[in-house]
Number of protein chains: 2
Amino acid sequence: MSDRAAKGSPTLEDVAREAGVSRATVSRVINGIRNVDPSIQDVVRRAIATTGYVPNRAARSLVTRRADTVALVVSGAGADEGGEAGDEDGPGTPFRGQLLADPFFGRISAGVVDFLRRRAMHPVLMLADSTDARKQVVSYLRQGHADGALLVSIHADDPLPETLVAAGVPCVLFARPPRPVPVSYVDLAHRDGGRLAADHLVARGRQHIASITGPLDVLASQDRLAGFRDALARHGHPYVPCEEGNFTLESGERAMSALLERHPEVDGLFVANDLMAQGALHVLRERGRAVPDDVAVVGFDDSSAALSCRPALTTVRQPVEEMAAEMTRLLLERVDQPGARPTSVIFEPALVARQSA
Amino acid sequence: MSDRAAKGSPTLEDVAREAGVSRATVSRVINGIRNVDPSIQDVVRRAIATTGYVPNRAARSLVTRRADTVALVVSGAGADEGGEAGDEDGPGTPFRGQLLADPFFGRISAGVVDFLRRRAMHPVLMLADSTDARKQVVSYLRQGHADGALLVSIHADDPLPETLVAAGVPCVLFARPPRPVPVSYVDLAHRDGGRLAADHLVARGRQHIASITGPLDVLASQDRLAGFRDALARHGHPYVPCEEGNFTLESGERAMSALLERHPEVDGLFVANDLMAQGALHVLRERGRAVPDDVAVVGFDDSSAALSCRPALTTVRQPVEEMAAEMTRLLLERVDQPGARPTSVIFEPALVARQSA
DNA sequence: GTGAAAGCGCTAACAC
DNA sequence: GTGTTAGCGCTTTCAC
C-alpha cells in the first residue's frame, strides 16, 4: 500500500521516533529478541504498521555478513548438451535452455524453493555452462550475494565443485562428485534402484532381460546398471545384454533398435531413465512388440514422461523434491557452522508399478 | 584462490593502501569512471589483483539503492493446479512442484537467465501460489532485495500484478493481464497462431476440422480459438466443433474421446497445446485412427512434448525464450526509468511442420 | 585528477 | 530492559 516510489521508505530511525524509543529497541523487536517490555513491543509494532516500515536488506546484510540467500547452480562442463538433463529441444539442436527446461531440474527447483520459503528465503538461479559462466558464479558468490551454493552438476568432469570448495564457499551437491571432494551431498541409492527393477522384471516372469543404460561415465548410470546386474545374477541370470544411451529420447530409440537387432528374444527391459524408455516404447510399437505382454519395460526417475507414455511407465521413483529439500537443509546448516565436516544423505528409490511392466 | 573463510576479505581500504591511493580513486577505477590517470589505473588494478579484492554487494547496494537483481515470480491463484503449467505429476495429484517442473516455465527461465547473465545478473526464483506466498513476494521486493519482478501468471484471477503495481514495484508480465493494469508485458499473437493452424489444416485438404481448446477463461485460449475460427470461416468453414481442455494430457485424452463420439467424421484437429495434443494422439491411436492420414493434428507451443510424440507433432511455435529475454530487457529499462509509461511487445508465432499434419 | 569526509540503514557491544 | 555508540564497506559530493 505504501508508496515505495516516494522520497525514501521509512527507516528504523523513523519508527523509533514514532514509537518514542531508540533504534536499538525497534531492532530488537523486529529481530524477535526478548528483553523487551511487552507493552513497548506493542508500541513499536504499531509504529511499524503506521510508518509502513520494511527493513532494508542491504543494510542488514552489511552488518550481519549474511545475504540470507542461496544460489542454485546448474552446472555443465565446457560446452553444453545435457546428460540427465537431456530433454532435447530438437535433434542436433544444442539449445541453451535445455538444462533449465528439463523437468528433472524443475523438480529440484521445486524442492529447493519449497524448503527455502519457509525460512523466507529464495534461491538465485545460475547457469554455469561455460568457463566464463563458472567464473561469474564464483565471483557472484564471493561478492557475498549468496551465502552458499546448491550445485546440480550435469557432467562428470565439472570443475565447479572443486573450485567452490577451494574458494571456501559453502556448498552442497545434488549427487556424489565423481572425483573425491570434501563436500556434502545428497544422492539416491542408485544400485537399489537397479535391484528394484530387476526384482520386478523377474517377478513378472521375464526370461530374457536386457538394459538400456545411461552414459557410463556418469556414476548414477554405472550404479543403476551394477545394481541391476547384481540382482539378476542372484536370480540366476549371469548375463545382461546392454546398450548405452545418453538419457535422450533419441538415444533410447537407437538403443532399442540395436538391442532388438542383436537380441530379438528380449522380453524384459530396464531403461536407465524415463525419457529413453519412452523412446524404447516407440520402437517397440513400431516393431509390433506389445508392451508389457511381449516386452516388459521398467524406467527410472518417475518423471512426467513416465505418465505421458502409453502404456504408462512402470518406473523407479527418485524422491527428487525431498532430496532437493534435504540438500537445502544441509546447506543452511553448513552456512551456520562453517567448520563442520561434510556429510552425505542417501535416499531410497521406490518402484512405481504402472502398465509397462 | 583467496580464502573467503579467513578473517575478512579485503576491502576497498586494503586495496587503496596497497596502491598508495585513496578509497575514492579505487572506487572510480572499479566503476569505470574516467578522470583517473591511466598510470594510476594500472597501479590500482594491480593492487586489486594482489589483494584478491572483490567488492561487497551489500555495501554497494546500501548506497546505490540498487540490488542489481530481479525476481522471477511464478504466480498462481489461491490454490494450486496449473493452467498452461499443466504438466501434471499424476492424476489428481496437486503436486506443488508442478509449476516449476513445467518445461514451459523452464523455457522462460532459460530466456531470462540467458539475458541477465550478460549483465552479470541473476534472477531470484519465487513461487507465489498462495496468499501467504504472495505477501512474501511483495515484502521481499519491498525490502529491496530485487529491483523489480518478472511475473509469469498462471491464473486469470491472479491478484499479484495489481498488488505489485500498487506497491510501486517495477514489473513486467509474461502475458497480457486479464484485467487492465498499467503494466508492461510481452505476449504472443495467439490469434495468428490459430490462423496458422487453420491455414495448414485447410492446405492439407481437411474437410472436417475441429479443435480442442484450452481453458476458456484464459485469454490465450480464447485468442487461439478465435484466430482459428476466423481463418476457417474465411476458408468457408462456418462451424468448428470444439471441446474444452485444461492444458493437461489427461484433459486432451478426455476431449479427444468426446470429440470422436460427437463428430466421428473429424479429419483435422487443432489442439491448443502440445501436451493435450499428445493425449489426443493416444486416443486416436487406440481408436485405430491413423495420424496424419485419417486425422491431421496440429498442436501449440512447440514444447518438448511435440518432439517426444510419435508421430512428431506439427505445431505452432511460441518463441518463448526470446519473449522471456525481451520481458527482462523491458524490466531493466523500467528499473532505469521508473517514470516511463508501460509498453507491450507482441511476438509472432510460426508453424513448425512435422509428421502429425 | 585526486583525496577527505559524510553518510546509506542496520546490528551489536557496551553502558546504564 | 533500554539507550548510546561504533562501525559494516561502499559511493559520492565537495574541496583542492
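Labels below follow one simple rule: chain letters A, B, ... track the order of the sequence lines, proteins then strands, and each chain is numbered from 1.
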Any chance you could lay out the side chain to side chain contact (heavy atoms under 4.5 Å, CB included) test for B/Leu332 and B/Leu116, step after step, and finish with the verdict? CA-CA 9 Å; B/Leu332 263 31; B/Leu116 282 179; 4.2 Å; yes

Polar side-chain atom of A/Ser184 near backbone of A/Thr343 as donor-acceptor pair, under 3.5 Å: yes

Starting from the 5' end of DNA chain C, give me the residue, B/Ile40 or A/Ser27, whose nearest nucleotide shows up first. B/Ile40

Bending between helix ends of the helix from C/dG1-D/dC16 to C/dC16-D/dG1 [5 pairs per end, 10° resolution]: 40°

More 5' along DNA chain C: B/Pro38 or A/Tyr53, using each one's nearest nucleotide? B/Pro38

According to salt bridge (Lys or Arg N to Asp or Glu O under 4.0 Å), does anything in residues 17-32 of chain A pair up with another residue at least two apart or in another chain? List the pairs. A/Glu13-A/Arg23, A/Asp14-A/Arg17

Does B/Ser61 reach the main-chain N or O of B/Arg57 with its side chain, forming a donor-acceptor pair under 3.5 Å? yes

For a quick check of understanding: with a heavy-atom distance under 4.0 Å over all strands, which category does A/Asp37 fall into, base, sugar-phosphate or nothing? sugar-phosphate

Evaluate B/Leu127 against A/Asp114 for side chain to side chain contact (heavy atoms under 4.5 Å, CB included), listing each step before the verdict. CA-CA 8 Å; B/Leu127 203 55; A/Asp114 199 55; 5.8 Å; no

Strand contacts (DNA chain C) in residues 54-68 of chain B, 4.0 angstrom heavy-atom criterion: B/Leu62, B/Val63, B/Arg65

B/Asp129 side chain reached by B/Val74 side chain, heavy atoms, under 4.5 Å: no

Taking any atom under 4.0 angstrom from a heavy atom of chain A, which nucleotides of DNA chain C are the first and last to qualify, 5' to 3'? C/dG9 to C/dA13

Validation row: B/Asp147, B/Pro170 side chains within 4.5 angstrom (heavy atoms): no

Among all residues two or more places apart in sequence or in another chain, which pass the salt bridge (charged side-chain N to carboxylate O under 4.0 Å, His left out) test with A/Asp336? A/Arg66

Which residues pass the salt bridge (charged side-chain N to carboxylate O under 4.0 Å, His left out) test with B/Glu333, not counting sequence neighbours? B/Arg329

For B/Ile30, give me all partners under side-chain contact (heavy atoms from CB on, under 4.5 Å), at least two apart in sequence or on another chain. B/Leu12, B/Val26, B/Ile48, B/Tyr53, B/Arg60

Could you tell me from which nucleotide to which nucleotide of DNA chain D, 5' to 3', there is an atom under 4.0 Å from chain A heavy atoms? D/dG1 to D/dG9

Keeping to residues at least two apart or across chains, list the ring pair (Phe, Tyr, Trp, His ring centres under 6.0 Å) pairs with something in residues 109-128 of chain A. A/His122-B/Tyr140

Which residues in residues 18-26 of chain A have at least one heavy atom lying under 4.0 Å from any atom of DNA chain C? A/Arg23, A/Ala24

Which residues pass the side-chain contact (heavy atoms from CB on, under 4.5 Å) test with B/Ser344, sequence neighbours left out? B/Tyr185

Looking at CG of B/Leu151 and SG of B/Cys171, how far apart are the two atoms once the value is rounded to the nearest 0.5 Å? 6.0 Å

Test side chain to side chain contact (heavy atoms under 4.5 Å, CB included) on A/Val70 and A/Leu150 and set out the steps. CA-CA 7 Å; A/Val70 301; A/Leu150 300 164; 4.0 Å; yes

If a pair satisfies salt bridge (Lys or Arg N to Asp or Glu O under 4.0 Å) and one of its residues is in residues 159-182 of chain A, list it, with sequence neighbours excluded. A/Glu162-A/Arg179, A/Arg176-A/Asp223

